[in-house]
There are 2 protein chains.
Amino acid sequence: MEAVLSRKEQIERTATVLFKSKGYSATSMRDLANALGIEAASIYSHIKSKEEILQRVCFRMASEFFEAIDAAEADGGTATDRLRRAISAHVQVLTKNTEASAVFLHEWRHLSEPMHGTYLSLRDKYEALFRDIIRTGTGNGEFTVPDEKFAVLTILSGLNWIHTWYKPEGKMTPAAIASNLSEMLLNGLSTKKQALEDTYSHLNTI
Amino acid sequence: MEAVLSRKEQIERTATVLFKSKGYSATSMRDLANALGIEAASIYSHIKSKEEILQRVCFRMASEFFEAIDAAEADGGTATDRLRRAISAHVQVLTKNTEASAVFLHEWRHLSEPMHGTYLSLRDKYEALFRDIIRTGTGNGEFTVPDEKFAVLTILSGLNWIHTWYKPEGKMTPAAIASNLSEMLLNGLSTKKQALEDTYSHLNTI
DNA sequence: TAGGCAACCTAACGTTCGTTAGCAAATTAA
DNA sequence: TTAATTTGCTAACGAACGTTAGGTTGCCTA
């Protein structure tokens, strides 16, 4: 029951693999053509430019991340619940398409304007959804964080390395990965949590 | 009291800035020459090849990270202390040279063999130092982690995004950043730590 | 005052780059 | 059966690439 891919989709998918492993700039249209078994010029029957491929990959992944977190946020609940679900949604998207995620996370800077700017504002919008969860949690006493934005970026960068090692056939399921990450980020490594006054008091001296 | 840079060091430093902002492949020798105010061919009076610059940046940073963590590990102590100091050492190196750190972390894949392989084994050796701390901590009950390697990679990727935003003139000092990260990673976001049986029991069902 | 050397130049090399033009074969739709 | 669409080809374009060769300048040292 393999989905039939249009030639354009095949090109996009093959390019994604190459962009991940060699980087966008270091991947030539002749590299891509070779991987597809055709001539470089033939690719232009299906796409307008090399950058169009990058654009499609980046903004398709952006949509997927937004769809996933919007669905996760629809359920409401405590900030802890919401963060758990947001992390899970993010991990699901990451693991479902590791190559495209890697391109989305690392090759976006090769987008030219105005796509480059659009990407950045989408990213900020996405991070804002996480900031809102953290803000709610710190407001009602669920979370204790040094800085809202700092916390969000630490969380997201803690998630975004998954594409470097995740393999679908591995022993960790996406659900298990998400669960492990949630526990690590919510409760930390320490077996026993120190009194919060001890933990954070020295920050005041800086 | 500005240090006098040799022309070779100026080239390396300018290249590092360009490599960070445009990527190694997308930075041409003519870009670099233009930034230096000279002709591209003139660069070759000082270096052997474009890749030599990348090699020097990558392996110099590798040395800095190892020196820092070796010094941090020399003091011993509990696993919690060691992890705190290792995180601090890592953050100090990252913040001291954000451009070179970014190149070190993102452009190493453009190294050709055997440098590429050397880089990877150095990276594994570095991660092994962190794994040893985590292993000690889980062994004596200080830490509770789902998986040793998983934990180390989450920690390191949680640190390695700093170069994307850190500015020396900003309000957060490297020491404060390291402290915040240590607290987040050791104690998590949650204000109250749940009973560990509750927290981790559901992992057994996966 | 001569020699050496660091620093940079112009000119050019062979290669690769993204892309276009124009055409041919195969497949699909009417 | 014909027309349109899809998919691919060869040939080539101008530009940019990393790099080399060979020469000039100016400073420092012996």
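So you know, we letter chains A, B, ... as the sequences are listed, proteins then strands, and number each from 1.
Remark: A/Thr98 OG1 to A/Trp165 CH2 distance equals 11.0 Å, nearest 0.5 Å.
Rounded to whole Å, the distance from NZ on A/Lys22 to C1' on C/dT16 is 12 Å. Summarising the geometry, the separation between CG on B/Leu36 and C1' on C/dC8 is reported as 12 Å, rounded to the nearest angstrom. We find that CD1 of B/Ile38 is positioned 19 Å from P of D/dT25, with the value rounded to whole Å. Rounded to whole angstrom, the span from the CD1 atom of A/Ile47 across to the P atom of D/dT6 amounts to 16 Å. Between the CG atom of B/Leu32 and the P atom of D/dT19 there is a distance of 12 Å, rounded to whole Å. When rounded to the nearest whole Å, the span between CD of B/Glu52 and C1' of D/dT19 equals 14 Å. A/Glu39 has its CD atom 14 Å from the P atom of C/dG18, to the nearest Å. Here the C1' atom of nucleotide D/dT6 and the CD atom of A/Gln10 are 13 Å apart, to the nearest Å.
Of the N and O atoms on the side chains of B/Glu99 and B/Thr16, not one donor lies less than 3.5 Å from an acceptor on the other residue. If you check the side chains of B/Thr138 and B/Glu148, you find no donor sitting under 3.5 Å from an acceptor. A side-chain N or O of B/Gln10 and one of B/Arg7 form a donor-acceptor pair less than 3.5 Å apart.
Closest approach of B/Cys58 and B/Val103 over heavy atoms only: SG-O, 4.4 Å. The two atoms that bring B/Ala79 and B/Ile133 nearest to each other are O-CG2, 3.5 Å, heavy atoms only. Considering every non-hydrogen atom in both A/Arg109 and A/His106, the closest pair reads NE-O, 4.0 Å.
Taking a 6.0 Å sphere around NZ of A/Lys149, one finds it holds 12 or fewer heavy atoms contributed by other residues, nucleotides or ligands.
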Interface polar pairs with nucleotides 13-17 of chain D, N/O, under 3.5 angstrom:
unit_1 : atom_1 : unit_2  : atom_2 : d
D/dC17 : OP1    : B/Ser28 : OG     : 3.3

Check nucleotides 20-28 of chain C against the protein and report each pair of N or O atoms closer than 3.5 Å, with its distance, or say if there are none.
none

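Between B/Glu12 and B/Arg60, at least one side-chain N (NZ, or NE/NH1/NH2) sits under 4.0 Å from a carboxylate O, which counts as a salt bridge.
Neither OP1 nor OP2 of D/dT6 sits under 4.0 Å from any side-chain N or O of A/His46.
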